[in-house]
Structures are given as C-alpha cells and as structure tokens.
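In what follows, every heavy atom counts, from backbone to side chain, and hydrogens, waters and symmetry copies are set aside.
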Amino acid sequence: MIRVIILGHGMVANHLAVGIERIKQGELEPYGVPLAEYKLPYSIEDIDIVASYDVDQSIVGKSIYYAAKKALDSNIDIPRTLRDVYIREGIHLGSLEGMPIEAVGIEDKLGLNDALNALVDEWREYKPDIILNIITTEDGSPFNTLAKIKYTLENGTSNGISASQAYALAAALYARQVNPVAFINGIPMAIANDDAIVRFYEESGAVVFGDDGATGATPITADILEHMHNRNRHVKFIVQFNIGGNNDFLALTIPEKNKMKEKTKSSIVQDILGYDAPHYIKPTGYLEPLGDKKFISMLLEYKTFNGLTDELYIAGRINDSPAMAGGLVDLIRLGKIAIDNDIWGTVYEVNAFFMKKPGPSSAKSVSKIVAYYNLLKWLRALNAITISEDIGVPIEKMDW
Ligand SMILES: NC(=O)c1ccc[n+]([C@@H]2O[C@H](COP(=O)([O-])OP(=O)(O)OC[C@H]3O[C@@H](n4cnc5c(N)ncnc54)[C@H](O)[C@@H]3O)[C@@H](O)[C@H]2O)c1
C-alpha cells in the first residue's frame, strides 16, 4: 500500500483520484502511465489517496467525490469510494492572490510555525508515504542556504516564502519526526532545484522529485530536439506555445506566475542541442472555451545537408490535466521505491524523465527518450523492475 496526500485539489488532482479508482475497479486501461507495461514492486492498485489539502473555501471540508463531480465532465462516472476522502485546509501564503477564488489558510489563524506543526500532527494520523504538490503555480525564490531554512523554522517567519516551500518544510519535519516521505513537486517553484532543500531532505530522511511535471508540448519538443541533435541538423529557431482554458492557464495570465513557468520550460534548448537556438517557448494564453483541452503549436526551422532549410510544423489539442495525472501515478510508485531503498535528497534519473526542470540545480535536461532508458536502468540497478511475460512486454523493449 502507498499512502498519498495531495496538496492542491484542482483539475490534475481530480483526474488522478478518479483515474486511479477507475483502474482499481477494472474500468480503465492504464494508458498514459509511462511504466504501466512493466512490473514494479507496487501496482497502480496499491495507491491509496488518504487526504487532500486546498485553500479554496468552496471545496475545503468537502469530499474529493464532491470536488470531482464539480470539476469533471459529467460523462465521467465518479467512483463512490471517493466519498470517504476529505479535503482539509492547507497553508495559503498568498498562492491564490489575483485569482477569482476565496482563499484562507491555516497560517492566518495560527502563524507559520504552528501551521507547520499542525500539518505534521495531522500527517502523523494519515501516515503518508507520498506528499504530492500540485497547487496553483506561484512565484518565489529558492532558499539556497540551509541557514535560511533553519532561520525560517526557528523564527516561524513566512518572510516571503511560498506555500510550496512551506509544504516542503512540513514534509521534511514529518520525515524527521514520524516516517520517511517522498515529496513530489509537480509545479514550477524551485524545490528539487533548491540545493538547500535537497540537503535538508538528505539530513531529514526524505526525498524530493521535481520540478514541474513535463506533460504537453515540452516533452515532444525535447524529443524533437534530440532528433535534430542526433542528425546534426542545425536548429535556426523554435517557437512553441500553448493556449488553454483551465484555471492553471488563467493563473498564468498573472505575469510573475508565467515567468516561473517560462524558466522551467526553456532550459531544454541549450541542454539538449548544446547551443542556445533562438526560441520562444511559453504558455501564451488563456481562452476559456478551450477548457482543459489545450491547443499546442510548434514551429521549428533547421539547416539540413547542402545548406538547405527545412521547417517542421506541429499542432494539437491535448487534454492537459490527465496527461500530468498519468505521470504522477508512476512518480508516486517511484517515490515509494526510493524510500524503500533509503534514497534521500533527490533522484536525477526520475526527475529527468518526468519533469520540465529536473533537479538538482546543476542537472541538465536531456530528451525524454534518453531519460526514459536511464530511468529503466536506475530501476534495474535497484532490482525494482522485472520482465513480466504475462503483461506482454516485448523482450527487446527490456534490452536497454
Ligand atoms: N498538464 C498539466 O496540467 C500540468 C503540467 C505541469 C505542471 N502542472 C502544474 O500542476 C499544478 C496544478 O494544475 P491544475 O491544472 O490542477 O491547476 P488547478 O488550478 O486546477 O488546481 C490547483 C489547485 O490548487 C489549489 N491551491 C492553490 N494554492 C494552494 C495552497 N497554498 N494550498 C493548497 N491548495 C492550493 C487551488 O485552489 C486549486 O484547487 C499547477 O501548478 C500546474 O502548473 C500542471
């Protein structure tokens, strides 16, 4: 069993909770879960969401069944088992500022120190193995030094720290006082890219994966860049944008939040090509009727043999939140595998495949195809992946 706590019960969380339950009930094939074909020590059915946290007053105190009914397409049948899991009040620290949502956080009443302790006490009861951060994209700067983390904990001062940073600290305190834990950071805030947090996690018996789940156009761009690099096609420029109509895109209309996302997206060009081809890679806009099915588009121009120029155009509509939720199913299982193997700090092999800005801060982005095979190697070294004829994995696929 893997016990999971979700922070931020929005679209991604709803798809994750509902998708896992539907797989458990045999209603769904696990398409979109990258490692579903392989046999890991934990199956998808082992995942148990024990609680969620949010600060949106319209869902705090309600069940995740209620939240899913409210947020998802009425064609999706919401499993009744989700009636028993509740959304509790989290730490706000201004993460929803500028959004049309009434938000309150426990630190408003308790102050930061007591709010962190209150979370740890609640988690003592829930006993999570995994704490999953998928709150609204927020602005913030890394701690960078252990001294700053310790100062924050000793003085209980929020001093400009973000909600994700507060949650990351609470998770480390929980690991010190209760159980080892994996913190998965699906959002652009630097957590696995903050060397101070990674050090603090090493000392605390915790592991962090991050930052910012790679789902829509960015992994496709990364793999196309690898293709260009392998064939020595010189990329002249790249344009990639996304327009969506969900709350995540609405949040990105706030300039500071968009800047955070841009930072995590554009590191791939220099890292994969080895030179910084001019690029425009951004979530560019919000258009409500698109809903959760975003419009992505990419244009790439490159020099080929004999001095000629080719152009590549890609366009698509991608269901945004389910793409992220499918990856999280594996990240949850990998988090538990890391804990079982006493791996603390962060794990580049996991981050490189699943994240837009893989930590630690010194790490480079590689294409997702390369990262995928490195991830399988990491799992094999831990004896945590086996060939299973009954699930029909072709043998050559395992021959990495
Ligand atoms: N494909 C994807 O959908 C994708 C890909 C990469 C990253 N992400 C990231 O995942 C996150 C979630 O995406 P989403 O589409 O579910 O967004 P969403 O807006 O639907 O959900 C975010 C939820 O977080 C809650 N929240 C905000 N501040 C909080 C806090 N301090 N504590 C607890 N809850 C808080 C909001 O009330 C909301 O319910 C975003 O930050 C996004 O950047 C999503």
Side-chain angles (χ1 to χ4, degrees), residues 4 6-37 43-54 56-87 99-101 132 134-137 186-187 213-220 242-252 283 285-297 314-333:
V4 180
I6 297 177
L7 308 170
H9 205 89
M11 282 304 275
V12 174
N14 280 310
H15 279 288
L16 179 68
V18 171
I20 290 173
E21 281 308 300
R22 293 178 76 199
I23 288 172
K24 283 185 187 174
Q25 292 175 8
E27 271 181 44
L28 275 190
E29 296 290 338
Y31 296 133
V33 178
L35 298 173
E37 286 189 302
S43 69
I44 300 172
E45 287 79 0
D46 290 328
I47 300 175
D48 198 12
I49 296 169
V50 293
S52 247
Y53 284 76
D54 209 289
D56 172 352
Q57 291 306 294
S58 72
I59 54 170
V60 168
K62 302 285 194 325
S63 71
I64 63 177
Y65 175 87
Y66 171 91
K69 271 267 181 215
K70 195 172 157 216
L72 299 187
D73 193 311
S74 58
N75 294 327
I76 298 181
D77 202 12
I78 313 296
R80 294 184 159 258
T81 41
L82 299 179
R83 284 174 182 238
D84 301 330
V85 187
Y86 285 89
I87 302 173
M99 294 288 286
I101 294 172
L132 176 57
I134 40 175
I135 70 168
T136 307
T137 301
I187 84 161
T215 53
T218 316
I220 298 175
N242 301 278
I243 300 177
N246 59 21
N247 266 351
D248 187 25
F249 276 88
L250 180 61
L252 296 176
Y286 171 76
L287 188 68
E288 204 258 331
L290 288 171
D292 197 42
K293 199 166 178 182
K294 65 186 178 185
F295 170 58
I296 64 149
S297 184
I314 293 177
R317 289 283 304 276
I318 294 186
N319 284 291
D320 199 20
S321 316
M324 173 81 165
L328 291 173
V329 169
D330 277 343
L331 281 162
I332 289 168
R333 300 191 296 159

Q.
Within this structure, what is the OG1-OH distance for the pair Thr81 and Tyr65, rounded to the nearest 0.5 Å?
A. 10.0 Å
Q | Sidechain-backbone polar pair: Asn14 side chain, Ala71 backbone, donor-acceptor under 3.5 Å | A | no
Q: Of all the heavy-atom pairs spanning Tyr86 and Gly61, show the shortest one and how long it is.
A: CD2-O, 3.7 Å
Q: Determine whether the side chains of Asp73 and Asn75 contain a donor N or O and an acceptor N or O closer than 3.5 Å.
A: yes
**Q.** Nearest-0.5 Å distance that lies between atom CG in Asp54 and atom NE2 in His9
**A.** 8.0 Å
Q. Quick one: are Val18 and Pro79 in side-chain contact, heavy atoms under 4.5 Å?
A. yes
Q: Working to the nearest 0.5 Å, report the span between CD1 of Ile49 and CD1 of Ile6.
A: 4.0 Å
Q. Is there a donor-acceptor pair closer than 3.5 Å between any side-chain N or O of Lys24 and the backbone N or O of Ile47?
A. yes
Q. At their closest point, which heavy atom of Ile64 faces which heavy atom of Ser52, and how far apart are they?
A. CG2-CB, 4.1 Å
Q) Would you say the side-chain atoms of Arg317 pair up with the backbone N or O of Lys293, donor to acceptor, closer than 3.5 Å? A) yes
(Q) Counting C-beta onward and ignoring hydrogens, is there a side-chain heavy-atom pair between Asp248 and Ser321 closer than 4.5 Å? (A) no
Q. Say you draw a straight line from CD1 of Ile243 to CZ of Phe295; how long is it, rounded to the nearest 0.5 Å?
A. 6.5 Å
Q: Find the distance between CD1 (Ile220) and CD1 (Ile314) and round it off to the nearest 0.5 Å.
A: 6.5 Å
(Q) Walk me through whether Asp320 and Asn242 qualify under side chain to side chain contact (heavy atoms under 4.5 Å, CB included). (A) CA-CA 10 Å; Asp320 199 20; Asn242 301 278; over 6 Å; no
Q. At what distance, to the nearest 0.5 angstrom, does CD of Glu45 lie from CD of Glu21?
A. 10.5 Å
Q: State, to 0.1 Å, how close Gly186 and Ile134 come at their nearest heavy-atom pair, and which atoms those are.
A: CA-CG2, 4.4 Å
Q: Grab the two heavy atoms, one from Met324 and one from Gly213, that are nearest each other, plus how far apart they are.
A: SD-CA, 3.8 Å
Q) Within a strict 4.5 Å, meaning less than it, do heavy atoms of the Leu16 and Val4 side chains meet? A) no
Q: Please report the C-alpha distance between Ile101 and Gln57 in whole Å, then the side-chain angles of each, then the deciding distance to 0.1 Å, and finally whether the side chain to side chain contact (heavy atoms under 4.5 Å, CB included) criterion is met.
A: CA-CA 8 Å; Ile101 294 172; Gln57 291 306 294; over 6 Å; no
Q) For the residue pair Ile20 and Ile44, what are the closest heavy atoms and their distance? A) CG2-O, 4.2 Å
Q.
When you compare the side chains of Lys70 and Ser58, does any donor N or O come within less than 3.5 Å of an acceptor on the partner?
A. yes
**Q.** Audit row: His15, Asp292, side chain to side chain contact (heavy atoms under 4.5 Å, CB included) steps and yes/no
**A.** CA-CA 11 Å; His15 279 288; Asp292 197 42; 4.0 Å; yes
Q. Does the pair Arg333 and Asp46 meet the rule for a side chain to side chain contact (heavy atoms under 4.5 Å, CB included), with working shown?
A. CA-CA 9 Å; Arg333 300 191 296 159; Asp46 290 328; over 6 Å; no
**Q.** Minimum heavy-atom distance between Phe249 and Pro283, given as atom pair plus value
**A.** CE2-CB, 4.2 Å
